[in-house]
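To keep things clear, I will list the structure first and then write my remarks on it.
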Amino acid sequence: MATTETPADGTSTTPSTTPSTHPAMTHPQIMKALSGLMLGMFVAILSSTIVSNALPQIIGDLGGTQSSYTWVVTAALLSMTAATPLWGKLSDLFSKKLLVQISLVIYVLGSVVAGLSQNTGMLIACRVVQGIGVGGLSALAQIVMAAMISPRERGRYSGYLGAVFAVATVGGPLLGGVITDTEWLGWRWCFYVGVPFAVIALIVLQRTLHLPVVRRDVKVDWLGAFLISGSVSLLLIWVTQAGDSYAWISWATLAMTGGAAVLGLLFVLVESRASDPIIPLRLFRNKTITLASAASLFVGIAMFSGTVFFSQFFQLARGESPTMSGILTIPMIGGLFVSSTLSGQVITKTGKWKAWLVSGGVLLTAGLGLLGTLRHDTPYWHIAIYMALTGLGLGMMMQNLVLATQNQVAPEDLGAASSVVTFFRSLGGAMGVSALGAVMAGRVTHYVQDGLAALGPKAAAMGHGGTAGGGIPDLDALPAPVREVVESAYGHGVGDVFFYAAPFALLSLVLVLFIKEVALKSKPATHAPAAAPEEPAAGEAAPAEAPALRA
């Protein structure tokens, strides 16, 4: 394979005041280059959302429990979270195009085997593999875009990525519901259907995405990657099992949280001494990066709790089909679509982004707080308004937190900084789904037991509504009075989940209030000698005609 490379230091003899011999990419050129990337992003999001409405039936068919339900989601988030910083660091060292293609192949392999799952353990293992691939696609999408487009123009294209996210998020549950409800297909096709899209994305990427390849003599920080993965994994396992397999205050809790803390401290020690750390600790000297990362952690809790628990609410609290469950979540996705697209367009015109972050924090907090009042008989038009507010808030915050971070770093740290924000968002989602899933399981059991006790001794003897000690219930098989108790319990339990998530959204709002707004730069990020965040690197040129890696 022949390659043409730019100098590793990105230097140029052309003064920055002299017009570049490489003209900036036009809008059609950028859209063509991003087409395969956006298709890859579509595949990544589709894999996360297409199973959401099918999960109650999947877990029921495989004989799983509420804990299994949570882990099918958490496993993918866990591996995505652990892998994201590594993908970001690799993107600073190797061909970004090749890394995107590798992540797509990993996703395809995980999806094919997931469709063959015979039990929840096998499915969870396959979701781990899927998550590694999706982590690469999520991190690399922002990094590749930043390599081609200036921060000032990036708001516009971040809006497009947000629109792709919205379409995949709303299309995934709808498609998954239809597939699950179609007898001659079944839920296993939820894992197969994304494979053709991934193959098409591979072909399109090969033809359209051409970026300069920068070779540097550095080492990948594998020890750091192992330590951060171990720390996050222990923490998530503890959160998921606490209160079920062991008490919140117990020796198991002390061992797991203590182990996670020790691994975390070792990670910090290793990163402080590594020649090329997976997460450069010096990035956190920048107040914007620190605040944006922390805010992303809390935004992740809100984002993933909405996509995961709504399917249980509509199917188990209101008796809707998987297809209808997807349709009923459209207000939230519509809000996300509108706000991400609109905010991107306006940011490109004005160069101002902080007002969108603050407004998003207010709307997200309000939406989750109102969703905390959910019950199984709450009028749908109320739910639609609450979901729309939540979606509007998410759309204003997700992409713009990454944008604010990318605007503050030197080109050589672009991949690491972008993946740090994505890492914290994924970590928040994984921790949120684990913790809130455990809370929901406990609350639903409590509400079912109280409801059955009110029906009399015979009903109380059924335990958890006849659902095998916490399994996903088959509403159609339950007697009418018991079914109403179970529906009420799930409605109240999901409401509690959103009620507990709302304070985290409020914390994200408080954090973004302290972020100082810096005008967006008008040059794309290229590898050049480090410069102050507000100044373009010397001799920086747009990568429209830059030499590219070609097979």
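Values below: all heavy atoms of this structure, side chains included; hydrogens, waters and symmetry mates excluded. Numbers here are sequence positions counted from 1.
- With values rounded to the nearest 0.5 angstrom, Ser111 atom OG is found 11.0 Å from Leu116 atom CG.
- Remark: side-chain polar atoms of Arg127 are paired, donor with acceptor, to backbone N or O of Val72 under 3.5 angstrom.
- Distance check: Leu374 CG to His382 NE2 gives 11.5 Å after rounding to the nearest 0.5 Å.
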**OP:** Under the side chain to side chain contact (heavy atoms under 4.5 Å, CB included) rule, what do Phe499 and Leu368 come out as? Steps first, then yes or no, please.
**Re:** CA-CA 7 Å; Phe499 178 77; Leu368 288 175; over 6 Å; no
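- Under the 3.5 Å distance criterion, the side-chain polar atoms of Thr182 are left unmatched by any main-chain donor or acceptor of Leu185.
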Subject >> Met396/Leu363 under side chain to side chain contact (heavy atoms under 4.5 Å, CB included): CA gap, chis, key distance, verdict >> reply: CA-CA 9 Å; Met396 292 179 187; Leu363 291 172; 3.8 Å; yes
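- Between Ala114 and Ser117, the shortest heavy-atom distance links the atoms O-OG, 2.7 Å.
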Original post:
Should Arg425 and Leu297 be marked as a side chain to side chain contact (heavy atoms under 4.5 Å, CB included) after you check the CA-CA gap, both sets of side-chain angles, and the distance that decides it?
Top reply: CA-CA 5 Å; Arg425 187 173 68 209; Leu297 179 78; over 6 Å; no
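- Note on ring orientation: taking the six-membered ring where Trp is involved, the planes of Phe191 and Trp187 are perpendicular (angle over 60°, cut-offs 30° and 60°).
- Judged by distance alone, the side chain of Ser488 and the main-chain N or O of Glu484 form no donor-acceptor pair under 3.5 Å.
- The residue from Phe310, Tyr386, Phe309 that alone fulfils the ring pair (Phe, Tyr, Trp, His ring centres under 6.0 Å) condition with Phe498 is Phe310.
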**OP:** Quick one: do Tyr107 and Phe197 satisfy ring pair (Phe, Tyr, Trp, His ring centres under 6.0 Å)? Show the steps, please.
**Re:** CA-CA 11 Å; Tyr107 160 77; Phe197 290 103; over 10 Å; no
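- With rounding to the nearest 0.5 Å, the separation of CG in Leu175 from OG1 in Thr180 is 9.0 Å.
- Put simply, CG on Leu509 and CG on Leu364 are 9.0 Å apart, with the number rounded to the nearest 0.5 Å.
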**OP:** Determine, stepwise, if the pair Val112 / Val195 fulfils side chain to side chain contact (heavy atoms under 4.5 Å, CB included).
**Re:** CA-CA 8 Å; Val112 170; Val195 174; 4.0 Å; yes
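- A donor-acceptor pair is defined here as one N or O able to donate and one able to accept, closer than 3.5 Å; such a pair exists between the side chain of Ser79 and the backbone of Ala75.
- A donor-acceptor contact shorter than 3.5 Å is absent between the side chain of Trp356 and the backbone of Ser340.
- A donor-acceptor pair is defined here as one N or O able to donate and one able to accept, closer than 3.5 Å; such a pair exists between the side chain of Tyr192 and the backbone of Gly115.
- The number of heavy atoms from other shown groups lying within 6.0 Å of CZ (Arg375) is above 12.
- Residues Ala502 and Thr365 come closest through the heavy atom pair O-CG2, 4.2 Å.
- In this structure a side-chain-to-backbone donor-acceptor pair under 3.5 Å is present from Ser103 to Val100.
- The two residues Met387 and Phe314 have their closest heavy-atom pair at CE-CZ, 4.3 Å.
- Not counting sequence neighbours, Arg318 has no partner by the salt bridge (charged side-chain N to carboxylate O under 4.0 Å, His left out) test.
- Not a single donor-acceptor pair under 3.5 Å links the side chain of Gln315 to the backbone N or O of Phe313.
- For the pair Asn119 (side chain) and Met122 (backbone), a donor-acceptor distance under 3.5 Å is present.
- Between the NE2 atom in His492 and the CG atom in Asp450 there is a gap of 10.5 Å [rounded to 0.5 Å].
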**OP:** Would you check, one step at a time, whether the test side chain to side chain donor-acceptor pair (under 3.5 Å) holds for Tyr447 with Arg443?
**Re:** CA-CA 6 Å; Tyr447 292 138; Arg443 300 308 294 163; 3.0 Å; yes
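- In terms of heavy-atom proximity, Val421 sits nearest to Ser296 at CG1-OG, 3.0 Å.
- Taking the side chain as every heavy atom from C-beta outward, Leu62 and Gln118 never approach each other to under 4.5 Å.
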